[in-house]
Amino acid sequence: MIDLRLLRDNPDVVRASQTARGDDPALVDVALDADARRRSSLADFESLRAEQKALGKQVAKAQGEEKHQLLTRTKQLAEEVKSRQADAHAAEKELDELLYQIPNVVEGAPPGGEDDYVVLKTVGEPRDFESEGFEPRDHLALGEALGAIDTARGAKVSGARFYFLTGIGARLELALLNAAVDQAVAEGFTPMITPTLVKPDTMRGTGFLGKHAEEVYHLERDDMYLVGTSEVALAGYHADEILDLSDGPLRYAGWSACYRREAGAAGRDTRGIIRVHQFHKVEMFGYCRPEDAEAEHERYLAWEEAMLAKAGLPYRVIDTAAGDLGTSAARKFDCEAWLPTQQRYLELTSTSNCTTFQARRLNVRERTADGTTRTVATLNGTLATTRWIVAILENHQQADGSVRVPEGLRPYLGGLEVLEPVA
RNA sequence: GGAGACGUCGCAUAGUCAGGUCUAGUGCGCCACCCUGCUAAGGUGGUAACGGGGCAACCCGUUCGCGGGUUCAAAUCCCGCCGUCUCCGCCA
């Protein structure tokens, strides 16, 4: 939720943000109007309520005829209070619904849509397979030859976009995720294994039930949601709390299964495990002071790049355009690894600065030096996911169908240097 | 799944049976000041969050797990839900 005060004091900032995202700037004025109605109906209700309470005290003391007269007045008043309260309630709800439709205010992201990202840098050289003298195989062909990935049986058991990681494939994923957790712990993150089913309030608070609600699995019978990332649980972790950030930002590394319906992706990335309904992820998530959020965001990006280095992948970093930001993000950097068989970059990490947007919805505040409270900022960023296996297999493959294990992962595979095809 | 107890402004508790004097008391903790040559102890005052109004001092409202209801009036009575604990049943 955006800051109501910002909306009132600087509506132009919010209008400009809406325009940058390709959303309707008029929503700002509709919300301002609703806010004015809310405040006036609230004032009406509150003054009547104050009168009712004052009279109520007299009723308690009065006797006989005086009490009788007071009661006839207070009974009338009660009716009116009730109706004004209902008005105030309705106005509040109306404003709330409007505010929920306004995504976070963009901060520094380039204007435009999905294709208008800005490449911040490119790291590492894509291999020249032609000069090496062989045609690279895609991750599924490699994974099947290595006995690492089984999508056929995944489909048999659970349907399209499901898979089994088998043998060395399962070990490779564990190695990757363990490397991510170890790095995070070394940097001072608290490792967390999080719930993957959450209540509606938590899912709504993190901003995933807006435009992208179609992406989320919902369990009708229990009214619970399957999370698409541990960000959801970690954002909810401190909901309704007042934090002490005097020792610096809080940093958590969440390890969880992630579930996505991929409703809007029909026909895209159908081969292999690039786009699947279930995968695992180690996610950085943190709380910090609003003025520290931008610098913290840069650190998250640096930690992602450190992981990519461990995996030995060529990649680029993009600054996502305003129109392609998630509801909660004010700015987002993605790291995309080179995918040789598709001659394109594939998103492996994404780090968002959500400023105070998520925290305001989830009511996460900090105690400031002068004793007051204020809303904190939240950030998130990917450290490793199942999808990384795609890039690792393709980029480190050799002519004989074997795959070199990147050095950063070898300690997690008992020193194994090469993955060999199984017969 | 069944039965019961419980949920109060950081923590611990009083208040709920008998609705109005609860503007929610007290202890601990915390903050400021005072006193004491230091320290310990002691004294005085302050100390929940959110919203609305006001330049401000301040005033008003909401919140006693959450949501409804009864009533002129709800921490207190009624209903539903959530959570914690205890016992029973069932299952891994």
Whole-Å distance between [N] [atom2] and [X] [atom1]?
| X | N | atom1 | atom2 | answer |
| --- | --- | --- | --- | --- |
| A/Lys93 | B/G67 | NZ | P | 14 Å |
| A/Glu51 | B/C60 | CD | C1' | 13 Å |
| A/Asp201 | B/C82 | CG | C1' | 11 Å |
| A/Met224 | B/C81 | CE | C1' | 15 Å |
| A/Arg374 | B/A48 | CZ | C1' | 20 Å |
| A/His68 | B/A73 | NE2 | P | 17 Å |
| A/Glu241 | B/A49 | CD | C1' | 14 Å |
| A/Asp240 | B/C66 | CG | P | 10 Å |

Does [N] have a Watson-Crick or wobble mate here (both distances under 3.5 Å), and if so which one?
| N | value |
| --- | --- |
| B/G4 | B/C85 |
| B/A14 | none |
| B/C22 | none |
| B/C30 | B/G46 |
| B/C66 | B/G80 |
| B/C38 | none |
| B/C9 | none |
| B/G51 | B/C60 |

TODO: Check whether NZ of the Lys or CZ of the Arg A/Arg251 lies under 6.0 Å from the centre of the six-membered ring of A/Tyr300 and within 45 degrees of that ring's axis.
DONE: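 Verdict for A/Tyr300: no cation-pi partner in A/Arg251.
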Identify the heavy atoms of [X] and [Y] that sit nearest to each other, and give their distance.
| X | Y | result |
| --- | --- | --- |
| A/Glu231 | A/Thr206 | O-CG2, 4.4 Å |
| A/Pro103 | A/Ile2 | O-CG2, 3.4 Å |
| A/Tyr315 | A/Cys335 | CD1-CB, 4.5 Å |

Distance check, [atom1] atoms only: [N] and [M], in whole angstrom units.
| N | M | atom1 | result |
| --- | --- | --- | --- |
| B/A48 | B/U8 | C1' | 12 Å |
| B/C79 | B/C6 | P | 14 Å |
| B/A32 | B/G69 | C1' | 47 Å |
| B/G19 | B/U76 | P | 12 Å |
| B/G54 | B/U47 | P | 25 Å |
| B/C81 | B/U23 | P | 32 Å |
| B/C72 | B/C31 | P | 49 Å |
| B/G29 | B/A12 | P | 15 Å |

Produce the list of close N/O pairs, under 3.5 Å, pairing protein atoms with atoms of nucleotides 20-23 of chain B; give distances to one decimal.
from, atom 1, to, atom 2, distance (Å)
B/G20, N2, A/Gly56, O, 3.1

Closer than 3.5 angstrom, by distance alone: can the side chain of [X] be matched with the main-chain N or O of [Y] as a donor-acceptor pair?
| X | Y | answer |
| --- | --- | --- |
| A/Gln358 | A/Gly205 | no |
| A/His280 | A/Trp255 | no |
| A/Ser41 | A/Arg38 | yes |

Open item on the list: Among residues at least two apart in sequence or on other chains, which ones pass side chain to side chain contact (heavy atoms under 4.5 Å, CB included) with A/Arg374?
Closed with: A/Arg289, A/Pro290, A/Glu291, A/Glu366, A/Thr368
Open item on the list: According to side chain to side chain contact (heavy atoms under 4.5 Å, CB included), who are the partners of A/Asp201, at least two apart in sequence or on a separate chain?
Closed with: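 By the side chain to side chain contact (heavy atoms under 4.5 Å, CB included) rule, A/Asp201 matches A/Arg204.
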Task: Minimum-distance nucleotide to A/Arg49 side chain [options: B/C60, B/C50, B/U62] - done: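 Nearest to the side-chain atoms of A/Arg49, counting from C-beta on, is B/U62.
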- [ ] Kindly point out which of B/C50, B/C60, B/A48 is positioned nearest to the side chain of A/Thr373?
- [x]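 For the A/Thr373 side chain, the nearest candidate turns out to be B/C50.
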- [ ] Looking at every strand, decide which applies to A/Arg84 at a 4.0 Å heavy-atom threshold: base, sugar-phosphate, or nothing.
- [x]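 Nothing, no nucleic acid heavy atom in range.
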Open item on the list: Can you classify the ring geometry of A/Tyr252 versus A/His238 as parallel (below 30°), tilted (30 to 60°) or perpendicular (above 60°)?
Closed with: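 Tilted: the ring planes of A/Tyr252 and A/His238 meet at 30° to 60°.
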Task: Aromatic ring pairing A/Phe162/A/His277, orientation class (parallel under 30°, perpendicular over 60°, tilted between) - done: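 A/Phe162 vs A/His277 ring planes: tilted.
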Task: Given A/Leu197, A/Val232, A/Val227, the one that forms side chain to side chain contact (heavy atoms under 4.5 Å, CB included) with A/Thr202 - done: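 Only match with A/Thr202 under side chain to side chain contact (heavy atoms under 4.5 Å, CB included): A/Val232.
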Open item on the list: Strictly below 4.0 Å: does A/Lys82 bring a side-chain N or O up to OP1 or OP2 of B/U70?
Closed with: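 Checking B/U70 against A/Lys82, a side-chain N or O does come within under 4.0 Å of OP1 or OP2.
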Return the polar atom pairs (N/O with N/O) between nucleotides 51-58 of chain B and the protein under 3.5 Å, or none.
from, atom 1, to, atom 2, distance (Å)
B/G51, O3', A/Arg38, NH2, 3.2
B/G51, N2, A/Glu46, OE1, 3.2
B/G51, N2, A/Glu46, OE2, 3.4
B/G52, OP1, A/Arg8, NH2, 2.6
B/G52, OP2, A/Arg5, NH2, 3.3
B/G53, OP1, A/Arg39, NH1, 3.0

Task: Residue whose closest nucleotide on RNA chain B lies nearer the 5' end, A/Gln52 versus A/His89 - done: A/His89
TODO: Taking only heavy atoms on the protein side, list every residue of residues 69-79 of chain A lying under 4.0 Å from any atom of RNA chain B, sorted numerically.
DONE: A/Leu71, A/Thr74, A/Lys75, A/Ala78
Open item on the list: Tell me whether the count of non-hydrogen atoms from other residues, nucleotides or ligands lying under 6.0 Å of CD in A/Glu294 goes above 12.
Closed with: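 Open.
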Task: All pairs passing salt bridge (Lys or Arg N to Asp or Glu O under 4.0 Å) where residues 263-280 of chain A contributes a residue, at least two apart - done: A/Asp138-A/Arg271, A/Glu262-A/Arg275, A/Asp269-A/Arg275, A/Asp269-A/Arg344
